[in-house]
Number of protein chains: 2
Amino acid sequence: MHSQETACETCAVRHRSVCGALSDDEIVRLNGIARFKHFQAGSVILRDHDQPDYFANVVTGVVKLTKTLTDGRQQIVGLQFPSDFLGRPFRSKSPYFAEAANDVTLCTFERGQFERLVKETPGIERRLFEHTLDELDAAQEWMVLLGRKSASEKIASFLLMVVKRSRLMGCTHASAGSETGRFDLPLSRSEIADYLGLTIETVSRQITGLKRQGVIHLDGTRTVIVPDVAKLEKLAEQEKE
Amino acid sequence: MHSQETACETCAVRHRSVCGALSDDEIVRLNGIARFKHFQAGSVILRDHDQPDYFANVVTGVVKLTKTLTDGRQQIVGLQFPSDFLGRPFRSKSPYFAEAANDVTLCTFERGQFERLVKETPGIERRLFEHTLDELDAAQEWMVLLGRKSASEKIASFLLMVVKRSRLMGCTHASAGSETGRFDLPLSRSEIADYLGLTIETVSRQITGLKRQGVIHLDGTRTVIVPDVAKLEKLAEQEKE
DNA sequence: CGAGAGGTTGAATGTACTCAAGCTGGGTGG
DNA sequence: CCACCCAGCTTGAGTACATTCAACCTCTCG
């Protein structure tokens, strides 16, 4: 892990991230306290119950947030994609463990400096609030998945979510009416299991099932091709309305 | 459901709710736009995908927030107790369906007026933000429960959560070292099932099990006595650390 | 007293889990 | 270059936990 200078003007996630709120001269100030940090897959970003010493935007890669029971059972309680914010403002202890799911680049802001900047720039706080609301929406949708969906619906919903988040960064193609997607899974089978409240074997079986049905194709074990996203949507059992 | 005047000075939840942020003269302004509304058990407070026309603090009773799949499966994604806030600021549509679990009193603020007040009183926005962070923490803890806990652990965790929330309003007694609790369940068996991702029969069996073990006593079907809270905690399988 | 909602209990079933073996592909060393 | 190793993944067989289906209980209300 090493740090380097940033350049907000050319930042790929600027408009989607909390920085989208800032005027040009505010960006200059932020630029002053921002540092890129790189993490390779699997490395720890934030220990639970620790006081984090920086906040961050995810620039590339995916960060997984996990909680663990005393006997070791794990649950992923959130995935942070590029443009998502990392860290709980106004909270001294992190409620979860944050880890790089694949290679990750963060745009970090030293805690004290960032908090000062937030105080002087009301637009940022509002933006942080909006991001927190998005996170809450995502968590509550996931509660429906965890509590009420079958294994196959869980897998379909998960793939769908990854398609949608990848699409934001431009990886899907609308071809002849039906949408097509091709993307890399940011998680291993066992991590998918921890995200969906399943075991690794069940995840594997369900993915194999979707492959047999022709709903997805696999290239290797991580790359997924979805010939018809609508078909996947039907299997995911969406929310009412 | 009917409305009536409020008196913030004597409000039981004032210091815990978002109003805790306000100075005396701000409270006077808020008092001007606040109206109590009563809902009897089972009545609809907020339809999903509707634009709500007011925000509210829960004053008494419990509000359940549910999401429903197209085929009717339900999941409760949140319970709002006295002092909790109801409504998503900066969002036009409610992501969930809100219903009075038991008889409920809300302290409501008409949408437009409240948004104006928030704009002029930065302390309120911060307070709303803090409440949203609490809600997010609760949601992510519940994800662990839904994804990774067994039926008996789920029931124990649920009872424990109700004990803790009831204790805040003063319903437990510390007697001779071990804590004792006596409280009414705000939910029916079938609602508990929808909160824990179980069926009503499983909920019933697990409660019977706890009763047989002597971990809880029942007075009627809704009133629970917990002779030793610590025993319940052991069965709930807490989070690490 | 009968009806009905909410709750409990029992028996059978099924979905996802556990345990175990086997496969695959990338990396290492002889 | 090939053999080997190992982690990650897949597949199979048997099991367990929660579900489903069904009957019955209990309390309240008309």
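Residue numbers begin at 1 in each chain, while the letters A, B, ... track the order of the sequences. Just so it is clear, the structure is predicted and the values come from calculations on it, not from any experiment.
Shown here for Val215(A) and Leu232(A), the closest heavy-atom pair between the two residues is CG1-CD1, 3.6 Å.
Following rounding to the nearest Å, Arg189(A) (CZ) and dT11(D) (P) show an atom-to-atom distance of 10 Å. One atom, CG of Leu196(B), and another, C1' of dA18(D), lie 13 Å apart when rounded to the nearest Å. Going from atom CG of Leu198(B) over to atom C1' of dT19(D) covers 10 Å, rounded to whole Å. Protein atom CD of Gln206(B) is 14 Å distant from nucleotide atom C1' of dA16(D), rounded to whole Å. Separating the CD1 atom of Ile192(B) from the P atom of dT8(C) is a distance of 9 Å, rounded to the nearest angstrom. Whole-Å rounding puts the Leu218(B) CG to dC25(D) P distance at 20 Å. One interatomic measurement links the two molecules: CD of Glu191(A) to C1' of dC9(D), which rounds to 14 Å at whole-angstrom precision. Whole-Å rounding puts the Lys149(A) NZ to dT15(C) P distance at 18 Å.
Between the side chains of Ser94(B) and Asp48(B), not a single donor N or O lies within less than 3.5 Å of an accepting N or O.
Judged by atom type and distance alone, Arg73(B) does not reach the base of dT19(D) through any side-chain donor-acceptor pair under 3.5 Å. Contact of Arg205(B) with dG10(C) (side chain to base): a donor-acceptor pair of N or O atoms is detected under 3.5 Å. A donor-acceptor contact under 3.5 Å links the side chain of Glu201(A) to the base of dC19(C).
Counting non-hydrogen atoms under 4.0 angstrom, Thr221(B) reaches the backbone sugars and phosphates but no base. Note on Gly197(A): only backbone sugar-phosphate atoms sit closer than 4.0 angstrom, heavy atoms only; bases stay farther off. Using a 4.0 Å heavy-atom criterion, one finds that Thr208(B) contacts the sugar-phosphate atoms exclusively.
In terms of position along DNA chain D, the nucleotide closest to Arg212(A) lies nearer the 5' end than the nucleotide closest to the other residue of the pair Arg212(A) and Arg148(A).
Contact between the side-chain N/O atoms of Ser204(B) and the OP1/OP2 oxygens of dG7(C) is not found at any separation under 4.0 Å.
Checked against Asp84(A) for a side-chain hydrogen bond (donor to acceptor under 3.5 Å, both in side chains), the options Arg16(A), Arg165(A), His131(A) give a single hit: Arg165(A). If you run side-chain hydrogen bond (donor to acceptor under 3.5 Å, both in side chains) between Lys64(B) and each of Gln74(B), Gln80(B), Glu191(B), only Glu191(B) comes through.
Comparing dT10(D), dT8(C), dT19(D) against the side chain of Thr199(B) picks out dT19(D) as the nearest.
Gln75(B) places a side-chain N or O within 3.5 Å of a backbone atom of Tyr195(B) that can act as its donor or acceptor partner.
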